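Written below as structure tokens is the structure these notes are about.
All figures in this text were calculated on a predicted structure; none of them were measured in a lab.
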Amino acid sequence: MAKGLAVTMRHMLQKSETQQYPEVHPDLPARSRGVIALVEENCTVCMLCARECPDWCIYIDSHKETLPAPEGGRPRARNVLDRFAIDFSLCMYCGICIEVCPFDALFWSPEFEYAEYDIRDLLHEKDRLGEWAATVPPPPAHEVGAESPKELSAGSRPAAARRTAPPASARGPAEGTSLAPEAAPGTAHKATRDTAQGAERATTQDAAQDTGQDTGQGPGRDAVQDTDRETARETARRPAAEPAKGPESPPRREPPRAMRDIRSIRPPGSLPKNAGSPPQKKDGPEGER
């Protein structure tokens, strides 16, 4: 209780600071929510503010006009704003309409002196909302070291920096890489096959030499020569390797076979004809063929 009385006595002895309103207007902060102002030139009648308003206190009417076509162009249609009204007797000053506006047509104004004697007079049209747009304070300056807006930073960059790098396929080969074309799959397969044949031939010669040395006779050398001859004959009989295809060559397609009699094709799921029963003769021109 003593502490409470001490606080009361302290405030009683201090000089009070009273602002004589309406002669002296209060110094309101820049983000105060007084009234909603409209910049008619920025409004494109997108209806986002009216759809997002939780109180449905925004009323918008518009019509379309066709603009004359420029030389070599076509005429275009645009929306023209006829009415933009806000009923402040229903507005709860949530600021959703200002946040969702994509073209900066709505702003908060610190003006709060729009009281009326009749509640029906709180429905203000676009002319009154446009007058409050002149009282909107300018935005505060950016903090020291803050990033500049993306619109300004993108426009200040030089044109050379905005160009994208060429794709990897358009660039030349990297340093230290060979310019020789890659080996085709057929060439690699042929080299592997020749290596295997050479290893097999060397194994056969070693076996024949070992056999001749063990027996102390000379037929081992003749066996090696016969094996070389047979290998040469097999290589000559094999067909020539097909030319290597590049990685971009299209795959080969076999030509379609000509169909002589389309009636002879058995549809899927049908039973084949019985080979033992004689063919039945059909009536009409098909049976005479």
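Other residues sharing the hydrophobic cluster of Phe88, ordered by chain and number and joined by side-chain separations under 4.5 Å: Val35, Ile36, Leu38, Val45, Met47, Ile58, Ile60, Leu81, Phe84, Ile86, Tyr93, Ile98, Leu106, Trp108, Tyr114, Ile119, Leu122, Leu129, Trp132. Here Val136 sits in one hydrophobic cluster together with Val39, Phe107; the rule is ILVMFWY side chains under 4.5 Å apart, joined directly or through other members. By the 4.5 Å side-chain criterion applied to Ile, Leu, Val, Met, Phe, Trp and Tyr, Leu123 is assigned to a cluster that also includes Tyr59, Leu90.
In summary, the side chains of His63 and Asn79 do not present any donor paired with an acceptor at a separation below 3.5 Å, with no hydrogens or angles considered.
A heavy-atom distance below 4.5 Å is not found between the side chains of Glu52 and Cys97. Counting heavy atoms from C-beta outward, Val80 and Ser62 have side chains that stay 4.5 Å or more apart. In this structure, the side chains of Cys91 and Cys57 come closer than 4.5 Å at one or more pairs of heavy atoms. Side-chain contact check for Glu111 versus Glu131: every heavy-atom pair is 4.5 Å or farther apart. Under the 4.5 Å side-chain criterion, counting only non-hydrogen atoms from C-beta, Pro102 is in contact with Leu48.
Under the 3.5 Å distance criterion, the side-chain polar atoms of Asn42 are matched with a main-chain donor or acceptor of Asp104.
Evaluation of the salt bridge (charged side-chain N to carboxylate O under 4.0 Å, His left out) rule for Glu40 yields Lys126 as partners, not counting sequence neighbours. For Glu125, the salt bridge (charged side-chain N to carboxylate O under 4.0 Å, His left out) test picks out Arg83, with sequence neighbours left out.
With rounding to the nearest 0.5 Å, the separation of CZ in Arg51 from CH2 in Trp56 is 9.0 Å. Between the OG atom of Ser109 and the CG atom of Leu28 there is a distance of 10.0 Å, given to the nearest 0.5 Å.
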Under 3.5 Å, sequence neighbours excluded: what are the donor-acceptor pairs made by side chains of residues 6-24?
residue, atom, partner, partner atom, Å
Thr8, OG1, Gly4, O, 3.0
Tyr21, OH, Glu113, OE2, 2.7

Full working for side chain to side chain contact (heavy atoms under 4.5 Å, CB included) between Glu65 and Arg76 | CA-CA 8 Å; Glu65 289 184 358; Arg76 297 180 180 273; over 6 Å; no
With side chain to side chain contact (heavy atoms under 4.5 Å, CB included) as the test, would you mind laying out the steps for Leu67 and Arg78 before giving the verdict?
-> CA-CA 7 Å; Leu67 299 178; Arg78 69 169 182 178; 3.7 Å; yes
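The two residues Pro75 and Ala69 have their closest heavy-atom pair at N-CB, 3.3 Å. Contact record, Pro110 with Ser32: CB-OG, 3.5 Å, taken as the closest heavy-atom pair.
Shown here is Asp27, whose CG atom has no more than 12 heavy atoms of other residues, nucleotides or ligands within 6.0 Å.
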